[in-house]
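Below is one structure, written out as C-alpha cells; the observations come after it.
Numbering of ligands and ligand atoms starts at 1, following listing order.
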Amino acid sequence: MPELPEVQTVVNDLIRQKIIGKKIVKATLFWPKSIQDLTEIEFYQAISSLEIKKVERQGKYIVIYLDPFTLLIHLRMSGRLRITDKEDLSPHERVRFYLSDGRILQFIDQRKFGRLYLLKDPVQRLQKLGIDPLLATFTEICFVQLLNKKQKIKTLLLDQTLIAGLGNIYVDEALFEAKIHPEKLANQLTVLEKQNLHQAIGKVLRLAIENRGTSLGTNEGNFHSATGRRGKHAKRLKVYRRTGKPCFCCTTPIQRIKVNGRSTHFCPQCQPMNLRAAT
Ligand SMILES: [Zn+2]
C-alpha cells in the first residue's frame, strides 16, 4: 500500500510533468465507484474545464486544487496515477482525465479500493489527519506529547489521526532504526527512545523519497510512480518482509508477528521487549 514516500513521489512526478496550469477538459469513469459521494453526471459536470492550480500531498492523500473544487485521491491498496500521451486503455483503469495539452491522467486501480473525492471544501476531510512527519512543526516536543498514550507503539504510529502518512512498511523500518520493540507501550518508552524514534521516522521517510518509494512485487498493483517507474527503496528495507533473513546489525533472524492484526517485522535482538534482553 502506498505510504507517505510513495504518495510524495507521485506528487513530485505530477509537478515535474508540468500538469499545473493545464485544464481538465473532460473525464471518463470506467468504474464509477472509485468516485466517492457523487453520481457520474455530477462528477462529469463538476470536473470539466477546471484548471489545475496546485498539487500537493497531505498524509497519504494526493491533493489537486481545481478552483472551486479540490480533488483528493487516496490510492489505498493498489491505486496509482499515470500521466501519458497514449490513448490506450490500461488494464484496471478506473478514471481518465483528458488534459488541455492532449495528455491523459489515468487513475489505475487493480483492487478497486482507491477513492477520489471531489469536494468544495476539503478541509473537513483533511483536518482529521494528524501531523505530517515531514513538516517543521513535527518537533520532538510535539512527538513526545503524542506518545503519551498506553498503546502499543506500532499501533499508535499507524493512527492517521495522530501522525499522517506512515504505514506498515515505514513504521517497521523506523522502529528498527530506533531499536524499539513494536509492542512496547508508547507511554513507557524512555526519553532517549522517543528522541531516537523521532529522528528515525524522518530519516526513514526522507531516504525512501530519495529512492522514489518502495515497490515490492512485480505485478501491476504494486507501486509505480506517475511516469510508470518502480520505486528503488525495496532493497534498502532492513526488516520489512525480511522474515527469517539475518539482521543487518546482528545476524539474528528477523521475526514476524501480528500487532493488532498488522503483520510486523523486527529483530528480537536489536529491538528487545525489555532491557534485560538487551544485555
Ligand atoms: Zn539485530
*Gln17 vs Thr227, side-chain contact (heavy atoms from CB on, under 4.5 Å): CA-CA, chis, key distance, verdict*: CA-CA 9 Å; Gln17 288 292 314; Thr227 50; 3.4 Å; yes
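Annotation: side-chain hydrogen bond (donor to acceptor under 3.5 Å, both in side chains) contacts of Gln151 (sequence neighbours excluded): none.
A donor atom on one side chain and an acceptor atom on the other are not found under 3.5 Å apart for Ser34 and Arg115.
Any protein N/O/S atom under 2.8 Å from the Zn ion (ligand 1) was counted, giving 4 altogether.
Between Phe143 and His198, the ring planes lie tilted relative to each other; the angle falls in the 30° to 60° range.
Put simply, the side chain of Gln8 never gets that close to the backbone of Pro5: no donor and acceptor are under 3.5 Å apart.
With salt bridges taken as basic N to acidic carboxylate O contacts below 4.0 Å, one links Arg212 and Asp13.
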